[in-house]
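Before we start, here is the structure in question, set down as structure tokens.
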2 protein chains.
Amino acid sequence: MFSKACEYGIKATIYIAVKSMRQERVSLKEIAEEVDSPVAFTAKILQSLAKNGIIDSHKGPTGGFQIEETKIDTIKLHDIVHAIDGDKIFSGCGLGLEQCDARQPCPVHDKFVGIRDNLKIMLQNTSLYELATGLEIGLTHLKR
Amino acid sequence: MFSKACEYGIKATIYIAVKSMRQERVSLKEIAEEVDSPVAFTAKILQSLAKNGIIDSHKGPTGGFQIEETKIDTIKLHDIVHAIDGDKIFSGCGLGLEQCDARQPCPVHDKFVGIRDNLKIMLQNTSLYELATGLEIGLTHLKR
DNA sequence: TTTATTTAGGATAAATTTGTCCGAAATAAG
DNA sequence: CTTATTTCGGACAAATTTATCCTAAATAAA
Ligand code: FES
Ligand code: FES
């Protein structure tokens, strides 16, 4: 469904959000540990999330990653997925036709667009805040 | 969403079904042309679909692929996807945890399982027959 | 200013998926 | 039986995704 990069990116962002709600910055190393992801690969993903304005990064001692507290509520899962995996998942054809077009649909078009739209709506309606809260109160987990 | 192999496999199976409804066998070459897929790669996929009992293959002149007509109605999209991509897409965790477990859910679990189940239900309810019919009457298309 | 720490970013490597090539096996028809 | 045709299946190659390594740049603190 999502790429590995996207999976790591979502988990990392949620973890950063939890820390940011306590006004704490968190290092790449700690993120990778808590999220159970390869350090250097995670670095690339965070870099791209920073460029997309989803997270902030600071170099140097006491540096690390954080998210503006006011943003935590407005950032949606959709923003993270879109930043990493692009929008092929939201608008691409289920059978790989160059573009999904209802006027020249592939055989699964009618059945597929419903699922695809549900996914999009779900991601657009899911805030980073609720995901971070669920993690903080111990309801959810980032690794097994 | 689906792998390239799965996309090709679905399109190929639908095309074979259309021909089979006219009691015609169809060659690999023709399939790859009509489905716009690489010939040799398509061969592998068809081989695996044949092993899974979804399609029949015959060697030699006048050989090719076909589907038992009585099966066309009972084969579901789910069977094709499952044969090629396995069931990770139906039961795997949205964030890549080793297994999806409601008793130790990842942050997106509650939101994700609904989408995943919808997809599964859709695939289970979609018969090869209706996909083939849509193609035959010119309502849908396998390439652009 | 020097040093230690942390992210940035380019180069490279490993793993997986996608795709190709070619000879073997089956089989229909002359 | 011989030949032509078609799928089977193993080996190989290319492309993409995932992952690592190393140096540079920024920056906080001594
Ligand atoms: S054309 Fe294939 S999903 Fe719309
Ligand atoms: S645990 Fe992640 S989707 Fe169920």
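In what follows, chains are A, B, ... by sequence order, proteins preceding strands, each numbered from 1.
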Task: Stepwise side chain to side chain donor-acceptor pair (under 3.5 Å) check, A:Ser127 with A:Asp73 - done: CA-CA 6 Å; A:Ser127 70; A:Asp73 196 61; 4.6 Å; no
Open item on the list: Could you tell me how far apart B:Lys51 (NZ) and D:dC8 (C1') are, to the nearest whole angstrom?
Closed with: 8 Å
Task: Short side-chain N/O contact to D:dT7 OP1/OP2 from B:Gln47, under 4.0 Å - done: no
Open item on the list: Ignoring hydrogens, what is the shortest heavy-atom contact between A:Ile89 and A:Arg116? Give both atom names and the distance.
Closed with: O-CG, 3.5 Å
Open item on the list: Between P on C:dG9 and CD1 on A:Ile45, what's the gap in Å once rounded to a whole number?
Closed with: 15 Å
TODO: Give a yes or no on whether the backbone of B:Ile54 and the side-chain of B:Asn52 come within a donor-acceptor separation of less than 3.5 Å.
DONE: no
Open item on the list: Measure CZ/B:Phe41 against P/D:dG9 and give the value in whole Å, please.
Closed with: 17 Å
Task: Euclidean distance, atom NZ of residue B:Lys11 to atom P of C:dT18 [Å, nearest integer] - done: 13 Å
TODO: Take the protein atom CG of B:Asp36 and the nucleotide atom P of C:dG19, then report the distance between them rounded to whole Å.
DONE: 11 Å
TODO: Could you check how far CG of B:Leu46 sits from P of D:dG9, rounded to whole Å?
DONE: 13 Å
Task: Toward the 5' end of DNA chain D, by each residue's nearest nucleotide, A:Gly63 or B:Pro61 - done: B:Pro61
Open item on the list: Between B:Ser57 and D:dC8, is there a contact of a side-chain N or O with OP1 or OP2 at under 4.0 Å?
Closed with: yes
Open item on the list: Starting the side chain at C-beta, find the nucleotide from C:dT18, D:dT7, C:dC21 nearest to B:Ser3.
Closed with: C:dT18
TODO: Provide the closest heavy-atom pair for B:Ala17 versus B:Ile72 in the form atom of the first, atom of the second, distance.
DONE: O-CD1, 3.8 Å
Task: Spacing of A:Leu28 atom CG relative to C:dA8 atom P, expressed in whole Å - done: 9 Å
- [ ] Treating Ile, Leu, Val, Met, Phe, Trp and Tyr as nodes and any side-chain heavy-atom pair under 4.5 angstrom as an edge, say whether A:Ile80 and A:Phe90 lie in one connected cluster.
- [x] yes
Open item on the list: If I take atom NE2 in residue B:His58 and atom C1' in nucleotide C:dA28, what distance separates them, rounded to the nearest angstrom?
Closed with: 12 Å
TODO: Among the candidates C:dT6, D:dA19, C:dT18, find the nucleotide nearest to the side-chain atoms of A:Lys59.
DONE: C:dT6
Open item on the list: For C:dG10, does the base pair up with any side-chain atom of A:Lys44 as donor and acceptor (N or O, under 3.5 Å, distance only)?
Closed with: yes
Task: C:dT18 OP1/OP2 closer than 4.0 Å to side-chain N/O of B:Tyr8 - done: no
